[in-house]
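Following: one structure in C-alpha cells, then a few remarks.
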Amino acid sequence: MTDAVVVDNLRKRYGRIQALDGISLAVPRGEIFGLLGANGAGKTTLIRSLVGLARPDSGTLRVLGLDPVREARALRRQVGYMPQAPSLYQDLSPRENVRFFGSAHELGDAEARVAEVMKFVELAARERDPVHTLSGGMKQRVSLACALVHRPPLLLLDEPTAGVDPPLREAFWNHFRGLAAAGGTIFVSTHQLDEAMSCGRVAVMRNGRILACDTPAGLLQRGRTVVRVASGGRTEEETIASTPEALAEFLKRRGLDPAVARVELAADTLEKIVLDLVRREGAQP
Ligand code: ATP
C-alpha cells in the first residue's frame, strides 16, 4: 500500500519569502505525523499544499496517491481538513455547519454521522446558536466536527487544539489515537510539546525547511542529561548524552560504588531540544 503522504523537494515562495524550501517527507498510513516550528516556519503552507489550497512552485506531492491540485475533487472526498482559522458559516448553527460540510460528501447516513460528531465535540447545549455567538474554542470544536463528519482516511489538522480547553484537548487526542489505531492517518501541526509526544514522528521546521524528523523518543535522545550521584554526603554532577548507551557507559565508568545512595537524572525536555535545534540552525550563516 502506498504512503498516505509523499512530498519530494517541495518549494513555495511568496514574494521574497521562501515559505517552503525543499521539503521531503513520507507518512505511512496509520501514522500520526506532527509538525512543530515557530511562527512562520511553513507549517500552514505545507498543510495547505497537501490539501491543494497552496500551489507549490516546484517539487512533487502525492496525497493518498493523488495530485492535490489536479485531482483536488477526488482528494477532498477522502481528506478532513481543519484550517488554522475556522472557516465556518457564522450565521448557521454548529449542527447546520456540520450538516452542510457533510452534504458535500453525499453521505448515506448523514444525520447519524452529524449526530455522532456533534456528540463527540460536546456542543449539545449550544448546537442551535449561530456560530458567531460561540467562543473561539467552541468554534474550533465545530471545525473539527466538520473535518470528521465524512470519516476521512486522512486528517490534515492545522493547530486543531488552539484555544481548546485541557479536558477536550485530551478527548481530541484520544480520538486521534483511536483513528490512527484503526488505520487512519493524521497530519497535524501544533505548538504544544505534549501533543508532539503523542505523535508517531515529528518534523521540526524552520524557515521552510525540516531540521529534524524523528520519533519523540528519538528527538529526546538528541538532548543532554544531567546525572547527579550522591555518595558519602557529597553530590557529584555530570552531563551526558540522553541515550541509554551513554547512561550504560557512565555507570560502567564509575563502577557503582556500594556507597552510592542516590542517582538522579535530569534529562532535557522536548521543548529545550526543539528550541536548541531551532536556535543552532538560526546561528548558521
Ligand atoms: P504559524 O505557527 O504562525 O501558524 P506557520 O509555520 O504555519 O506559522 P506559514 O503560515 O506557513 O507558517 O508561513 C510561512 C511563511 O510564508 C511566513 O513568513 C508567512 O508570512 C509567509 N506566507 C504565508 N502565506 C502567505 C501569503 N498568502 N502571502 C504572503 N506570505 C505568506
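When a ligand or atom number is given, it counts from 1 through the structure's own listing order. Quick note: numbers below take in every heavy atom, side chains included, and nothing from hydrogens, waters or symmetry partners.
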Salt-bridged, E71 to R62, with N to O below 4.0 Å? no
How does I17 reach ligand 1, by side chain, by backbone, by both or by neither, if only non-hydrogen atoms under 4.0 Å count? side chain
A38: heavy atom below 4.0 Å from ligand 1, yes or no? yes
Using a strict 4.0 Å cut-off to heavy atoms of A41, name the atoms of ligand 1 that fall inside it. 5 (P), 6 (O), 12 (O)
Can you report which non-hydrogen protein atom sits closest to atom 9 (P) of ligand 1, along with the distance? T45 OG1, 3.6 Å
For ligand 1, is H191 a contact, meaning one of its heavy atoms is under 4.0 Å away? yes
Go through it in stages, so that I can follow the logic: the residues are E116 and D109, the test is side chain to side chain contact (heavy atoms under 4.5 Å, CB included), and I'd like the CA-CA distance, side-chain angles, deciding distance and then a yes or no. CA-CA 11 Å; E116 179 186 300; D109 53 349; over 6 Å; no
Just how far is it from atom OG1 of T185 to atom CZ of F33, taken to the nearest 0.5 Å? 12.0 Å
At what distance is the nearest protein heavy atom to atom 10 (O) of ligand 1, and which residue and atom is it? T44 CB, 3.5 Å
So if I count the atoms of ligand 1 from 1 in the order they appear, which ones are less than 4.0 Å from some heavy atom of E159? 2 (O), 4 (O)
If you count heavy atoms of other groups shown closer than 6.0 angstrom to CZ of F100, is the number above 12? no
Atom 8 (O) of ligand 1 [closest protein heavy-atom partner, distance rounded to 0.1 Å]: G40 N, 2.8 Å
Going by the closest heavy atom to atom 3 (O) of ligand 1, which one wins out of N39, D158, I47? N39
Between the side chains of S242 and R224, does any donor sit under 3.5 Å from an acceptor? no
Is there a donor-acceptor contact under 3.5 Å linking the side chains of R29 and T2? yes
What residue and heavy atom of the protein are closest to atom 4 (O) of ligand 1, and at what distance? Q84 NE2, 2.8 Å
Decide yes or no on salt bridge (Lys or Arg N to Asp or Glu O under 4.0 Å) for K12 and D21, but give the supporting numbers first. CA-CA 7 Å; K12 169 77 183 170; D21 192 9; over 6 Å; no
Does the structure place the NZ or CZ of K252 under 6.0 Å from the centre of the six-membered ring of F250, at an angle of no more than 45° from the ring's axis? no
Looking only at side-chain N and O atoms, does N9 offer a donor or acceptor that is under 3.5 Å from a partner on S24? no
Atom 16 (O) of ligand 1 sits nearest the protein heavy atom A19 CB, 3.5 Å
Within-cutoff protein neighbour (heavy atom, under 4.0 Å) for atom 14 (C) of ligand 1: yes
Measure the distance from atom 28 (N) of ligand 1 to every protein heavy atom, then report the residue, atom name and distance (to 0.1 Å) of the closest one. Y14 CD2, 3.6 Å
Carboxylate-amine/guanidinium proximity below 4.0 Å for E236 and R254: yes
Of all protein heavy atoms, the one nearest atom 2 (O) of ligand 1 is K43 NZ, 2.8 Å
Return yes when M205 approaches ligand 1 closer than 4.0 angstrom through a heavy atom, no otherwise. no
